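Structure, as structure tokens:
Computed from heavy atoms alone, side chains included, the values below leave out hydrogens, waters and symmetry copies. Worth saying up front: this structure is predicted, and the values here are computed from it rather than measured.
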Amino acid sequence: MSWRVHLTNQAIQGVDILPGKSPLLIVWTQRDRATYFDLDSGAQVGEHLHSAVARQSDKWAAFAASLVAPNGAYLPLVRTAQARILTTDDGRLRLFWPSSGELLLELESKEVKLEMPARAADLVAVGLDRFMGLVAALDAKGKLHLFQQHIRVGSFDLKLRVEDDYQPLLAVANGGAAIYASDGHDIVSADTSGKVRKRLATHYYIGRMVCSPDGKLLMTSDPETGVIRVYDGQELSPTHQRHTLDLLQDADQLQLIADLPPFGAAAGTMAIDNRGAIAFNISGVVCGTTLKQLDALPRPQPLL
């Protein structure tokens, strides 16, 4: 598996790997439009188009039911003009992050507002454990706010150095395996009680950060060099890296005529699954590849 497709001349808004008997990649070219690809072969298998409706509308149930991929997977993230919608693997729980900044949880048709501390700063990143329903949110001061579904766990200072021109990053693994946060310079791994497990200072500026559903793999992008890096999630030790343009050049081109992105362009959105399947985009080019296509880094060995 290593393929690339020049999908659009516009910036791609998001990519997600959808697990199932036949894993798919969904690529969002617009807020309400996406294309499905077979994750292994890169074959296009369908398109998604929706017209969002208000949650109070009698058409809401039908709209929510339409947010399912051809392989039966619920779409993990959908953006509308009113809110971002995050959904668990079984589709029973949805988290709404509207433009007003509050967090609303819908569980079996009942909606609950998640109560933030009175002095909490504006939220800048939100993540959802798609298996257990843990909600994680980062505010503009770098504090982590945790909820187990509608029950507030607490707020925790991760000692992030948040800069005015940088939006902190957040990645949440399933089943409480790990919560990862970054201020662009440091990566912090925390557990579901807000306790910091590991902290790693990087030698590069982190542009994007995602983790595998089981939390064992963490992937970052370096916008200055175009390199993507993969870490062992438990130890935050680097295991693999490679330049994205090298990955694109090695991938099978699925079109007769297609251009590579300009040199120096960095990875936009990214995804990685438990098997080590990787997807990313540069400008309007989408690439599906695997961890095996990256260069393995030497692992420190104890002295005998």
Side-chain angles (χ1 to χ4, degrees), residues 15-19 76-77 86-90 93 95 97 103 105 114 123-139 142-149 151-162 167-202 204 206-222 228-241 269-280 291 294 297 299-300:
V15 299
D16 287 301
I17 294 175
L18 307 176
L77 174 61
L86 292 80
T87 305
T88 53
D89 285 333
D90 60 8
L93 183 148
L95 176 67
W97 184 19
L103 291 178
L105 201 68
L114 301 185
L123 299 182
V124 293
V126 172
L128 176 67
D129 168 0
R130 301 193 66 214
F131 182 68
M132 299 293 292
L134 176 84
V135 177
L138 277 177
D139 68 22
K143 283 194 174 182
L144 175 68
H145 305 276
L146 296 179
F147 298 83
Q148 183 54 57
Q149 296 189 13
I151 301 173
R152 183 170 177 266
V153 177
S155 300
F156 310 92
D157 189 355
L158 301 182
K159 308 298 183 184
L160 297 176
R161 299 168 294 167
V162 180
Q167 180 170 312
L169 303 172
L170 183 66
V172 180
N174 287 348
I179 300 166
Y180 301 102
S182 177
D183 57 9
H185 304 284
D186 291 353
I187 300 173
V188 175
S189 171
D191 62 20
T192 54
S193 68
K195 180 180 178 181
V196 173
R197 292 172 171 170
K198 290 283 183 179
R199 183 182 299 270
L200 174 69
T202 63
Y204 63 96
I206 301 170
R208 300 276 184 172
M209 182 180 71
V210 295
C211 70
S212 58
D214 62 11
K216 294 182 179 180
L217 300 172
L218 182 73
M219 185 165 66
T220 66
S221 70
D222 179 348
I228 59 174
R229 296 177 171 88
V230 176
Y231 296 82
D232 173 89
Q234 184 174 1
E235 298 297 328
L236 292 186
S237 56
T239 62
H240 297 77
Q241 68 177 34
T269 54
M270 309 186 302
I272 185 168
D273 72 4
N274 296 340
R275 303 178 303 156
I278 292 171
F280 65 89
L291 193 61
L294 276 64
L297 299 175
R299 306 297 294 270

Over all atoms of both residues, closest heavy-atom pair of A279 and V15: O-CG2, 4.3 Å
Minimum heavy-atom distance between P76 and D16, given as atom pair plus value: CG-CG, 3.7 Å
From CA spacing to verdict: side-chain contact (heavy atoms from CB on, under 4.5 Å), M219, F280: CA-CA 11 Å; M219 185 165 66; F280 65 89; 5.8 Å; no
With sequence neighbours excluded, residues passing side-chain contact (heavy atoms from CB on, under 4.5 Å) with A177: A173
The single option from R161, K159, K198 passing salt bridge (Lys or Arg N to Asp or Glu O under 4.0 Å) against D186: R161
Given L170, L138, V188, the one that forms side chain to side chain contact (heavy atoms under 4.5 Å, CB included) with I179: L170
Working for side-chain contact (heavy atoms from CB on, under 4.5 Å), residues F147 and L105: CA-CA 10 Å; F147 298 83; L105 201 68; over 6 Å; no
R229 side chain reached by P238 side chain, heavy atoms, under 4.5 Å: no
Residues, nucleotides or ligands: over 12 heavy atoms within 6.0 Å of Q148 CD: yes
Listed partners of D273 passing salt bridge (Lys or Arg N to Asp or Glu O under 4.0 Å), at least two apart: R275
4.5 Å side-chain heavy-atom contact, L236 and Y180: yes
Greater than 12 external heavy atoms within 6.0 Å of F131's CZ: no
Test log, rule side-chain contact (heavy atoms from CB on, under 4.5 Å), inputs L114 and H145: CA-CA 10 Å; L114 301 185; H145 305 276; over 6 Å; no
Qualifying salt bridge (charged side-chain N to carboxylate O under 4.0 Å, His left out) pairs, either residue in residues 124-137, two or more places apart: D89-R130
For T269, all residues meeting side-chain hydrogen bond (donor to acceptor under 3.5 Å, both in side chains), sequence neighbours excluded: N281
Rounded distance (nearest 0.5 Å) linking atom OG1 of T239 with atom CG of L217: 7.0 Å
Polar side-chain atom of S237 near backbone of D232 as donor-acceptor pair, under 3.5 Å: no
Sole residue of I278, I228, I17 in side chain to side chain contact (heavy atoms under 4.5 Å, CB included) with I272: I278
L169 vs T220 side-chain heavy atoms within contact, under 4.5 Å: no
Exercise: identify the closest heavy-atom pair between T202 and G184: OG1-O, 4.2 Å
Point-to-point distance, once rounded to the nearest 0.5 Å, from OG1 of T87 to CG of L128: 8.0 Å
From CE (M270) to CE (M209), nearest 0.5 Å: 9.0 Å
Closest non-hydrogen atom pair, L144 against A136: CD1-CB, 4.1 Å
Beyond-backbone contact of D139 with L123, side-chain heavy atoms, under 4.5 angstrom: yes
Sequence neighbours excluded - salt bridge (charged side-chain N to carboxylate O under 4.0 Å, His left out) pairs with any residue from residues 187-196: none
Under 3.5 Å donor-acceptor, Q167 side chain and V124 backbone: yes
Gap separating the CG atom of L134 from the CG atom of N174, nearest 0.5 angstrom: 10.5 Å
Rounded distance (nearest 0.5 Å) linking atom CG of L95 with atom OG1 of T88: 10.5 Å
Salt bridge (charged side-chain N to carboxylate O under 4.0 Å, His left out) contacts in which one or both residues fall within residues 207-219, not counting sequence neighbours: none
Contact summary for L158 and A181, nearest pair of heavy atoms: CD1-CB, 3.8 Å
